[in-house]
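So the structure is just underneath, and the comments pick up after that.
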Amino acid sequence: MKKILDKHSTHSKNLEKQDQLSLDLNLDNKHVSLKKQVAEASLQLRQMRGEALESLTLEELQQLEKTLEAGLDRVVDRKSAQIMQQISTLQQKALQLAEENMRLRQRTMEMPNLGKQIMAEKENVVNEDGQSSESVTNALHPGGPQECDDSSVTSLKLGLPYC
């Protein structure tokens with residue numbers, strides 16, 4: 001019985017060693033395979049960049065050219081799509097700005113009417129000293145028609161008629 005157990009024990013140790021060796025070999029093979037794939041991909045990338053072309057045949061060069069042309073076509077298509085999208089966005093923005101411009105233009109056209117109403121109201125208002133705005137205007141510009149001077153901006157702020 002002891003002999004059988006010893007044989008079994010020895011045999012199982014040998015199996016474990018064989019399993020470990022086969023696993024190591026399998027990992028080494030995968031490592032070598034992956035290393036080879038990386039080298040091929042690196043070479044292909046360099047060739048697509050226009051490097052390392054000396055080893056290629058005429059047929060391989062033509063195939064590389066077709067591949068690059070197809071890739072370039074996709075790049076140009078994507079670029080065109082992005083440009084069209086930007087143009088569309090800018091056109092929408094231009095329409096919004098044009099609408100805003102029209103609203104502002106309408107508001108500025110309405111403002112002179114509002115200004116006239118305010119001026120009419122101010123003419124009827126008496127200032128603190130008991131003088132009307134017309135008498136203040138006459139006091140500032142005595143002697144008839146008003147002359148234009150550099151105080152026109154001030155007179156606009158004060159609500160006085162502009163020359």
Side-chain angles (χ1 to χ4, degrees), residues 1-122 146-163:
M1 184 68 125
K2 272 188 172 184
K3 287 182 183 181
I4 293 174
L5 289 174
D6 286 338
K7 282 184 182 182
H8 177 67
S9 166
T10 308
H11 184 61
S12 59
K13 287 180 186 177
N14 287 338
L15 284 177
E16 286 177 13
K17 287 181 185 178
Q18 287 178 351
D19 288 344
Q20 185 63 32
L21 287 176
S22 66
L23 182 63
D24 289 344
L25 288 175
N26 192 16
L27 289 177
D28 285 342
N29 288 339
K30 284 185 181 182
H31 180 264
V32 169
S33 173
L34 289 174
K35 196 172 185 180
K36 185 177 178 182
Q37 286 178 351
V38 168
E40 288 173 5
S42 296
L43 176 62
Q44 194 175 31
L45 181 61
R46 284 197 318 271
Q47 289 172 345
M48 287 187 161
R49 289 182 183 159
E51 303 167 1
L53 300 176
E54 300 80 25
S55 63
L56 296 178
T57 66
L58 181 60
E59 292 171 358
E60 290 171 332
L61 287 170
Q62 288 173 338
Q63 181 61 36
L64 179 61
E65 182 180 20
K66 287 179 184 177
T67 303
L68 290 173
E69 285 174 351
L72 181 61
D73 287 343
R74 287 190 299 270
V75 169
V76 169
D77 289 345
R78 178 68 181 138
K79 179 182 164 187
S80 296
Q82 282 187 344
I83 289 172
M84 294 305 290
Q85 184 181 12
Q86 287 178 351
I87 287 172
S88 176
T89 302
L90 290 173
Q91 285 174 339
Q92 289 174 353
K93 196 172 189 178
L95 286 174
Q96 290 173 348
L97 289 173
E99 290 173 1
E100 180 69 17
N101 194 12
M102 288 297 288
R103 282 193 298 272
L104 291 173
R105 206 173 267 151
Q106 288 174 350
R107 284 179 65 189
T108 56
M109 290 174 70
E110 294 170 359
M111 290 188 83
N113 295 336
L114 181 63
K116 289 178 185 177
Q117 290 173 353
I118 292 172
M119 289 300 289
E121 289 174 9
K122 282 189 177 184
Q146 298 176 356
E147 298 177 8
C148 292
D149 60 4
D150 291 337
S151 67
S152 60
V153 173
T154 306
S155 46
L156 278 177
K157 288 182 182 176
L158 294 174
L160 303 174
Y162 180 70
C163 300

| said: What verdict does the side-chain contact (heavy atoms from CB on, under 4.5 Å) test give for Q91 and I87, after you've listed the backbone C-alpha separation in whole Å, the side-chain angles of each residue and the deciding distance to 0.1 Å? | reply: CA-CA 6 Å; Q91 285 174 339; I87 287 172; 3.8 Å; yes
| query | Taking S42 for the side chain and V38 for the main chain, is one N or O donor matched with an acceptor at less than 3.5 Å? | reply | yes
| Say you draw a straight line from CG of L68 to CG of L61; how long is it, rounded to the nearest 0.5 Å? | 10.5 Å
| request: For residues L56 and Q47, report the shortest heavy-atom separation together with the two atoms involved. | output: CD2-NE2, 3.3 Å
| Side-chain donor or acceptor of T67 paired with backbone N/O of Q63 under 3.5 Å | yes
| message | Other residues, nucleotides and ligands only: do more than 12 of their heavy atoms fall within 6.0 Å of CD on Q85? | response | no
| message | So which atom in M48 and which in L64 form the shortest heavy-atom distance, rounded to 0.1 Å? | response | CG-CD1, 3.9 Å
| Gap separating the CG atom of L95 from the CD atom of Q92, nearest 0.5 angstrom | 8.0 Å
| Which residues pass the side-chain hydrogen bond (donor to acceptor under 3.5 Å, both in side chains) test with E100, sequence neighbours left out? | R103
| task | Provide the closest heavy-atom pair for S55 versus E60 in the form atom of the first, atom of the second, distance. | result | O-OE1, 4.0 Å
| field | Separation of L58 CG from Q62 CD (nearest 0.5 Å) | value | 4.5 Å
| I4, CD1: over 12 other non-hydrogen atoms inside 6.0 angstrom | no
| field | Distance, nearest 0.5 Å, that separates CG of N26 from NE2 of H31 | value | 13.5 Å
| request: State the CD-CG distance between Q106 and N101, to the nearest 0.5 angstrom. | output: 10.5 Å
